[in-house]
**Q** 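Structure in structure tokens, see below.
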Amino acid sequence: MSETFTLVITGAPYSSQAPQTALGFAKAAVDAGHQIDRVFLYGDGVHLASALCAPPSDETHWPDEWSRFLTQHKIPGVACIASALRRGLVNETEQKRYELPSANLRAPFEIAGLGEWVEGRIKSTRTLYFHAGD
Amino acid sequence: MSETFTLVITGAPYSSQAPQTALGFAKAAVDAGHQIDRVFLYGDGVHLASALCAPPSDETHWPDEWSRFLTQHKIPGVACIASALRRGLVNETEQKRYELPSANLRAPFEIAGLGEWVEGRIKSTRTLYFHAGD
Amino acid sequence: MTDIQTLHILNKSPDHPRAARCVEMMSAEDGLLLTGNGVLLLARGNLLPGASKVFALIPDVEARGLGDLSGNVSSVDFAEMVTLSLQAQRVISW
Amino acid sequence: MTDIQTLHILNKSPDHPRAARCVEMMSAEDGLLLTGNGVLLLARGNLLPGASKVFALIPDVEARGLGDLSGNVSSVDFAEMVTLSLQAQRVISW
Amino acid sequence: MTTLIMIDQPPYGAWTGREALDMAFSLAAFDQSASLLFTGPGVNWLRQTQHAGGIEQKSVEKNLAAAPIFGMDAILADRAACIAYGLDEHSLIEGVTLVDADADLLTDYDHTAFAG
Amino acid sequence: MTTLIMIDQPPYGAWTGREALDMAFSLAAFDQSASLLFTGPGVNWLRQTQHAGGIEQKSVEKNLAAAPIFGMDAILADRAACIAYGLDEHSLIEGVTLVDADADLLTDYDHTAFAG
């Protein structure tokens, strides 16, 4: 039976393992025929939506991997607006609104409020959280 | 007697109190007639050098406060290049080198290697670290 | 696999206060899934909850060199983690 | 103020494993300066190191509503923190 | 659907607690049942007379005082943690219910989550 | 000037440990005396046969094996933590010196630092 998941990522790449574990779970869920309603980035997790990460070439590029996965499976990726603005993650709309020198949000991630998390929880069979470890 | 400090900040603003405590210390050191040789941002601390933070207007803008303090007192602020590239903090040089869509490093911060930390330690009477709390 | 009331997913090392809290708040009907640094609980056998089913995510176990320590702990891959999360009545990520 | 061998600056709450490690690794000649969440140690008097001098950063104490609990702990401001860091032979930030 | 948001980090040192509070307020705003549970050093959120001006942050007391107004079900605190941190009826803010944070408590909620 | 870099977080779950290692290597590269001390769950860095391919990270064993070559003075591990995590001479990587992480140890170094 096909079920629906909402995944919440609160740990940043290159600080925590959270984006890696979440991607492993997400791929397995899709492979098993389940739906992922949306992926919600919260707290330090918003850094996963950065367009400007340039990790060493022998390390996995987690923002890139996540972008590709979301695009391929047409899964919405949403960064919490309050978390994102505090931590310096902005799209062009927010760049203009706050008169910032540039934008750095990676497609297909979007910026929206916690309502997206509430809605995802209601619509999904399970909502899983991927936090930073120690 | 005038002494010299190197300050290392490893906690990010809006995740930790580290930049706030470090600024309180730095201002008191300068007020007491001491020198701050340099401020080195390491690990998650590099987010303090973001030009794109837009915290709510009733919250202190820590990257702004730090930039102003460094500029006023002509103190070098250096973000570790390895930490910065992994976490999506780049200046225009790195933007071009890695073909990234934009740059987001806030003046007067610069990007350089851990050698800056080693040098600061050698030249300073004390090197203090400001880490994230829990 | 069998019925699980609550699946507790723990990714903190045994020294993290949340690890102790997680084990404290488990009942005998619950399951514990160790991921990330959480798998280090396998190296601290005396801290494992006695009454509950314990699972550990294979790639995290192997990364930390704990392949031989599993004992009566079940290794699971991501596909089984998905299944577990649906079988349980609820999931708590610590 | 008096001589301090090592000034330990602790900004972790008492439940954080690094807080216990910090107190364990102190000698009687050392000083402990509590900042950030570290000031919560003032609310756990029994965990305070008995033999050493203890200082707490005023703004952090006040933020956490612990102004009345200081006892024989010395409150310091940032200027005194600077002085302490220079008086000690070395400083460790936990 | 009832949700329990757990806060086990103390205030001010990190943002996770504030973000947990935002989650609970957001649930309430969308008419979802939500309660807060403070455990470990997280109970220090509930101490009276916090003066956070000196660290340029907003006192969290006011945020919490607004919880019932915004439709939050309950503010719970782990009894043992309160004792450990010297918190009693005289030092706790109003409207806090002491509970034993154990397995039974968790079964009262459909969802339990941390902010980070 | 001798420096002790302390690592109290386990490998892979967070980047702080790797960044601590970079600090120590950097000191050695600039001909500064540096040692590493692993405490608490940090001692799990020193376990043999780590296979990190499954989590798409580099095994940290190789990093540590390079330490003496790059001029690091010593790799120290807290004896009690090793016992707690079941690490002995059979399961530890080579070149580790067991010590008691106490006040006396700290006085041997001019500087002691964590990466985060």
Side-chain angles (χ1 to χ4, degrees), chain B residues 1-37 39-45 48 58-60 62 65-66 69 73 75 117 120-134, chain D residues 1 3-23 25 30-44 47 55-64 66 75-94:
Chain B
M1 203 178 97
S2 174
E3 305 285 357
T4 306
F5 289 96
T6 287
L7 307 184
V8 181
I9 302 176
T10 69
Y14 312 112
S15 286
S16 82
Q17 221 189 312
Q20 177 258 313
T21 307
L23 186 58
F25 185 91
K27 286 181 172 173
V30 167
D31 286 349
H34 302 303
Q35 308 289 316
I36 296 179
D37 183 65
V39 174
F40 190 74
L41 308 182
Y42 197 55
D44 290 344
L48 182 60
D58 60 348
E59 292 185 17
T60 304
W62 295 110
E65 292 285 318
W66 259 108
F69 175 78
H73 298 284
I75 298 166
W117 163 69
R121 287 175 70 257
I122 294 170
K123 287 173 63 181
S124 302
T125 321
R126 289 285 179 275
T127 298
L128 263 75
Y129 298 80
F130 296 88
H131 302 308
D134 300 57
Chain D
M1 296 185 192
D3 279 354
I4 292 170
Q5 186 175 267
T6 301
L7 179 68
H8 300 264
I9 304 181
L10 175 66
N11 76 335
K12 310 288 187 288
S13 80
D15 295 69
H16 193 288
R18 209 180 276 180
R21 168 74 51 190
C22 165
V23 172
M25 290 185 80
D30 292 351
L32 176 64
L33 169 56
L34 305 171
T35 69
N37 289 341
V39 304
L40 295 172
L41 199 61
L42 300 177
R44 303 282 297 271
L47 300 178
F55 309 89
L57 192 61
I58 294 171
D60 286 318
V61 170
E62 290 180 345
R64 290 158 185 85
L66 293 170
S75 295
V76 295
D77 58 18
F78 277 111
E80 291 166 308
M81 180 176 174
V82 170
T83 306
L84 276 176
S85 76
L86 289 168
Q87 282 177 334
Q89 288 176 46
R90 66 174 76 73
V91 178
I92 303 179
S93 303
W94 291 83

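Letters go in sequence order (proteins before strands), and every chain restarts at 1.
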**Q** Between B/G24, B/A28, B/A29, which shows the greatest number of heavy-atom pairs under 4.5 Å with chain D?
**A** B/G24

**Q** Of all of B/A132, B/A26, B/A32, which one pairs up most often with chain D through heavy atoms under 4.5 Å apart?
**A** B/A132

**Q** Could you tell me which portion of B/A18 (side chain, backbone, both or neither) has an atom closer than 4.5 angstrom to a non-hydrogen atom of chain D?
**A** neither

**Q** Would you indicate whether the side-chain heavy atoms of B/V39 and B/L48 approach each other to under 4.5 Å?
**A** no

**Q** Nearest heavy-atom pair of B/I9 and B/A22: which atoms, and what distance?
**A** CD1-CB, 3.7 Å

**Q** Which residue is it: B/L41, B/L23, B/I75, B/L128? I am looking for the one with a side chain to side chain contact (heavy atoms under 4.5 Å, CB included) to B/L7.
**A** B/L128

**Q** Looking at every non-hydrogen atom in both residues, tell me the closest pair between B/F69 and B/V30 and how far apart they are.
**A** CZ-CG2, 3.8 Å

**Q** Where on D/I9 is there a heavy atom nearer than 4.5 Å to chain B: the side chain, the backbone, both, or neither?
**A** side chain

**Q** Which atoms of D/A19 come close to chain B, meaning under 4.5 Å heavy atom to heavy atom: side chain ones, backbone ones, both, or neither?
**A** neither

**Q** Looking only at N and O atoms, which donor-acceptor pairs between chain B and chain D are within less than 3.5 angstrom?
**A**
residue : atom : partner : partner atom : Å
B/Q17   : OE1  : D/R64   : NH2          : 2.8
B/Q17   : NE2  : D/D60   : OD1          : 2.6
B/R126  : NE   : D/S85   : O            : 2.7
B/R126  : NH2  : D/L86   : O            : 3.3
B/R126  : NH2  : D/A88   : O            : 2.3
B/Y129  : N    : D/S93   : OG           : 3.4
B/Y129  : O    : D/S93   : OG           : 3.0
B/H131  : O    : D/N11   : ND2          : 2.9
B/H131  : NE2  : D/S93   : O            : 3.4
B/A132  : O    : D/K12   : NZ           : 2.9
B/D134  : OD1  : D/S13   : N            : 3.0
B/D134  : OD1  : D/N37   : ND2          : 3.0
B/D134  : OD2  : D/S13   : N            : 3.4
B/D134  : OD2  : D/S13   : OG           : 2.6

**Q** Over 60° means perpendicular and under 30° means parallel, so classify the ring planes of B/F25 and B/F5, tilted if in between.
**A** perpendicular

**Q** Let me confirm one number: the CG-SG distance from D/L32 to D/C22, rounded to the nearest 0.5 Å.
**A** 5.0 Å

